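For reference, the structure discussed in these notes is given below.
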Amino acid sequence: MVGAGVDSASQALTNRHTSKTQIEIRSIGTKYIQKKLSSAEFLCYTLRMAYQGVLHKYGILLDLPLYSQTVSLLEGNTPLIKADNLSRQLGDFELFIKYEGLNPTGSFKDRGMTAAISEALGRGATTVICASTGNTAASAAAYAARAGMKSIVLIPQGKVAAGKLAGAIAYGAQVIQIDGSFDDALTMVIEITNKHPICLVNSINPYRIEGQKTSAFEICDVLGSAPDWLCLPVGNAGNITSYWAGFKQYHEMKAAGLPQILGVQAAGAAPLVLGHSIEKPETVATAIRIGKPARGEQALQAAEESNGRIIAVSDEQILDMQKMLAKLEGIWVEPASAAGLAGLVDEIANGNLNPKGKRVVAICTGHGLKDPDIITKDMNKPSIVPPRLEALEEIILG
Ligand code: F0G
């Protein structure tokens with residue numbers, strides 16, 4: 001059924017906790033109308049109940065220092081959209097898209113960044129730095145701006161999508177291009193933060209991992225249990241590490257089960273599949289154009305422990321999936337974000353994964369608007385007609 005995702009998300013929203021909250025909100029509303037509450041009291045109650053970001057909702061489950069000072073853009077709480085049009089073409093199973101592109105700066109990085117910047121602010125840091133293929137840069141810049149901190153971002157020259165670079169600039173970061181790869185930039189930020197009091201906010205920072213666990217919590221809360229399979233793109237390998245840690249923690253608490261994890265790299269940047277680092281990684285999915293993943297070992301461990309695996313797909317498969325997802329489901333993601341699904345399709349086609357009767361969640365990590373050029377560069381220019389009805393009729397009706 002088209003739109004079933006809406007059902008399932010709203011089902012989740014009516015889980016016990018939420019419906020209790022809704023009843024409370026209604027009774028507070030009634031009291032306010034009956035003038036039993038002042039405007040200030042009404043505001044106090046409703047603000048406390050409103051969604052206030054991942055640290056507010058799941059902070060108690062995260063290993064963050066007490067001195068942290070929350071800096072939030074109300075990240076998280078992203079939709080889990082049921083993708084029936086796509087799953088019908090692939091087999092008989094339930095497929096959900098966790099649309100992380102709907103975070104405040106357009107990618108999943110905001111979950112980890114709220115945690116890292118909150119810790120940095122609480123400890124009195126004034127400047128943060130990161131190496132980035134673009135999304136971390138935009139996210140770090142936005143959260144640093146909100147915290148009143150300076151941000152410096154190092155990006156590989158000419159290899160960052162327009163929407164990400166524009167974001168970093170708009171949020172006021174000092175943007176520095178490195179005549180080298182993301183891996184070179186990461187080495188440099190590690191060196192400089194070892195020498196100077198600047199806070200590193202790449203996913204080497206453990207608080208990034210803590211914050212990013214919250215997506216696994218949300219998935220379990222919405223579905224009522226962990227999915228059978230989770231597929232996601234892998235670059236520097238922080239996200240796969242976070243998901244696995246999050247699912248394990250949730251399973252210990254609530255016996256929610258554990259997914260098998262399918263991590264997917266781009267074939268030209270697949271060090272975890274090849275078993276060695278790559279000097280010059282290349283892929284159209286610039287977000288995951290990484291040759292030496294900082295958390296590579298943990299990613300391999302997560303895949304193995306979960307009884308899953310890390311595979312590679314070609315750029316063509318990634319771009320085909322990006323188009324398919326947009327055209328079949330109305331979900332436009334940036335190329336790297338389609339890698340997880342492209343890997344799922346590849347595994348199904350090769351007979352390595354039988355999805356029948358299973359529940360699969362694909363993580364779509366960043367919004368399509370981050371990288372519009374990839375679509376517009378090959379498109380036919382939209383037709384131009386004079387402003388007359390007959391001309392319009394001719395072009396539409398032939
Ligand atoms: N998808 C997108 C859209 C990303 O931006 C990234 C990483 C990944 C997937 C991979 O996540 O690194 O945790 O394995 N982007 C980083 C950046 C490297 O700098 O924005 P990962």
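Counting starts at 1 for both ligands and their atoms, in listed order. Model, not experiment: these values are computed from the prediction.
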Quick one: which ligand 1 atoms are inside 4.0 Å of a heavy atom on [X]?
X: I288; answer: 8 (C), 9 (C), 10 (C)
X: S132; answer: 17 (C), 19 (O), 20 (O)
X: T133; answer: 15 (N), 16 (C), 17 (C), 18 (C), 19 (O), 20 (O)
X: N135; answer: 2 (C), 3 (C), 4 (C), 5 (O), 20 (O)
X: G238; answer: 13 (O), 14 (O), 21 (P)
X: V234; answer: 14 (O)
X: T136; answer: 16 (C), 17 (C), 19 (O), 20 (O)

field: Option nearest atom 13 (O) of ligand 1 (shortest heavy-atom distance, choices L186, N236, N239)
entry: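 Answer by nearest heavy atom: N239.
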field: Ion pair check, K57 and E218, cut-off under 4.0 Å
entry: no
So which heavy atom in the protein is nearest [atom], and how far is it from that ligand atom?
atom: atom 11 (O) of ligand 1; value: F108 CZ, 3.5 Å
atom: atom 4 (C) of ligand 1; value: A287 CB, 3.5 Å
atom: atom 2 (C) of ligand 1; value: T365 OG1, 3.4 Å
atom: atom 15 (N) of ligand 1; value: K109 NZ, 3.0 Å

Just heavy atoms, cut-off under 4.0 Å: does [X] contact ligand 1 by side chain, backbone, both, or neither?
X: K370; result: neither
X: A237; result: backbone
X: I240; result: neither
X: I290; result: side chain
X: E334; result: side chain

query: What residues form a side-chain contact (heavy atoms from CB on, under 4.5 Å) with P271, not counting sequence neighbours?
result: Q265, I278, P293
- request: Count the heavy atoms of every other residue, nucleotide or ligand shown that sit under 6.0 Å from CG of L66, and state whether that count exceeds 12.
  value: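 Atom CG in L66 is not crowded, with 12 or fewer foreign heavy atoms closer than 6.0 Å.
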